[in-house]
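In what follows, every chain begins at residue 1, and chains take the letters A, B, ... in the order their sequences are listed.
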There are 2 protein chains.
Amino acid sequence: MTKVQASEDKDYVQSLVRGLEVIRTFSRYKPRMTLTEVAQQTGMTRAAARRFLLTLVREEYAETDGKYFALRPKVLDLGFAYLSSLPMWEVAQPVMRDVVNALQESCSLAVLDGLDIVYVARVPTERVMTIGLSIGSRLPAYCSSMGRTLLAGLPPAELAAYYDRVKVERRTERTVANMVALKDAIEASRRQGWTLVDQELEMGLRSIAVPVRNRRAEVLAALNVSTHEGRTSIEAMKTRFLPVLLDAAQRISAALPQ
Amino acid sequence: MTKVQASEDKDYVQSLVRGLEVIRTFSRYKPRMTLTEVAQQTGMTRAAARRFLLTLVREEYAETDGKYFALRPKVLDLGFAYLSSLPMWEVAQPVMRDVVNALQESCSLAVLDGLDIVYVARVPTERVMTIGLSIGSRLPAYCSSMGRTLLAGLPPAELAAYYDRVKVERRTERTVANMVALKDAIEASRRQGWTLVDQELEMGLRSIAVPVRNRRAEVLAALNVSTHEGRTSIEAMKTRFLPVLLDAAQRISAALPQ
DNA sequence: ATTATCTTGTGCGTAATACGAACAAATGCT
DNA sequence: AGCATTTGTTCGTATTACGCACAAGATAAT
């Protein structure tokens, strides 16, 4: 039986999807592009790409100097609509600053999205990872402390679906890269209610995470602290960082709107 | 002469614009909505709103429980496309953390967008403002230190256009709320190359900002440090904070890609 | 349990949107 | 100057998206 394509679905607005694809085409490596470049990157005809770009310019989501197009800050409003709709978002930030004040290490909040975690709040101290992290950044869930925490909080069917889709690969020589070991690690996270990941995502990076739950004990987000392996021992993370994180997660949960 | 409506423009894709309006409808106060609520909020027919919502769900920008719709983290990718395309974004963050380490106060980076400033990076310490601030947050430009810094960096014609559009109003009893005084303040910012705003946006809030320039000396963004009036005197901001900020802005400028 | 009200799902005819090809115009390179 | 590449524009039309009307489902009131 032929699978119905999205565009054959009578309730699908493909002009919206195509326009969003144009926005997503811009990146660190392509901060500004010509009309022809956008068409090439998106696989659209030049005429179509042109209409989307001019529409984005007209609505102030993008700008042009007559040749090159670039996104404008109004695009952030779209993401901000999501952030501000998160129940824990407003209350998490002061709690996270308290964590940073107490431990002098970066603190982050993330949610699960597909195979990734997505950062929704962050109070950075000294840089720990090679790449800069910010709201909106994505990392693979299988080898990050917040990722494993969030996976551990999934209902069994969703976790099984995740295992079916994920392709684990070594990011460092310490990465857990076989499914049996990964499942064991996530089960351990579930049982002990926190997750410590040591240099699996990047050498030198050590982080510990706990779940943030709602009143029905569902896992909404993960909260972590990350440090450099030279600065903090695993034992210190368990004895000093974990109690602060558990308390912080509890405070966030308690402050959630009804 | 009748003004041409956007939708009469042959190069305008109104389905994209309408779909983006659906995304923007979600907020802190409406984190989840029914189909009928979205239609009411956006002024669309129910059928149209339904198609946009189902399309967003299909593309994983939104989710539904069968009745209520909510945005998903994928929406952050749209804003992230903008953030990651900013030339100073990657290099600014470690510099801002150095500022926070040196001064123990929140440090932010913002750009101008219309009448507002929009936060594009932030390293918060203790909460200074009543509302939580984050990447994507907007504040009026006329009564914020980063706003006046960015306005001061505008070409004369753009600044004149801003003056034509802005409606200044008191946010506190200290807010500069007449155009002559505002223009003087911005001209002073331009001349001295930094801006200090004391309790004009909110009582208790004191902040100082400097411009971040590119190699052609154009102002790309503003960098600030904010504190509480009870914690730091104006004199201390000038003698202790300003040199650190000027140095930081210089380091960001120096690290910009060619 | 029944009825009323409100919300959502769906089909369908069609208005109008968005399409893409083709050609003109502009720009950039040699 | 000539050529290559990119962009702007027009236009016929394919197809998309529309909105109305009615059916179906859910919820609230009695």
Interatomic distance, [X] [atom1] vs [N] [atom2] [rounded to whole Å]:
X     : N      : atom1 : atom2 : result
A:L56 : C:dA18 : CG    : P     : 13 Å
B:M44 : D:dC20 : CE    : P     : 15 Å
B:L16 : C:dC19 : CG    : P     : 10 Å
A:Y12 : D:dT16 : OH    : P     : 11 Å
B:R58 : D:dA17 : CZ    : P     : 13 Å
A:Y68 : D:dT6  : OH    : P     : 10 Å

When you check the phosphate oxygens OP1 and OP2 of [N], does a side-chain N or O of [X] lie under 4.0 Å from one of them?
X     : N      : value
B:S15 : C:dA18 : yes
B:R18 : D:dA17 : no
A:Q14 : D:dT16 : yes

Distance-only polar pair, side chains of B:T195 and B:T149, donor-acceptor under 3.5 Å: yes
A:S253 side chain to A:R213 side chain, donor-acceptor N/O pair below 3.5 angstrom: no
Base versus backbone protein contacts along nucleotides 6-13 of chain C [heavy-atom cut-off under 4.0 Å; B, S, -]: -SBBBS--
Using a strict threshold of under 4.0 Å (side-chain N to carboxylate O), is an ion pair present between [Y] and [X]?
X     : Y      : answer
B:R58 : A:D11  : no
A:K74 : B:D113 : no
A:E21 : A:R18  : no

Aromatic centroids of A:Y82 and A:W89 separated by under 6.0 Å: no
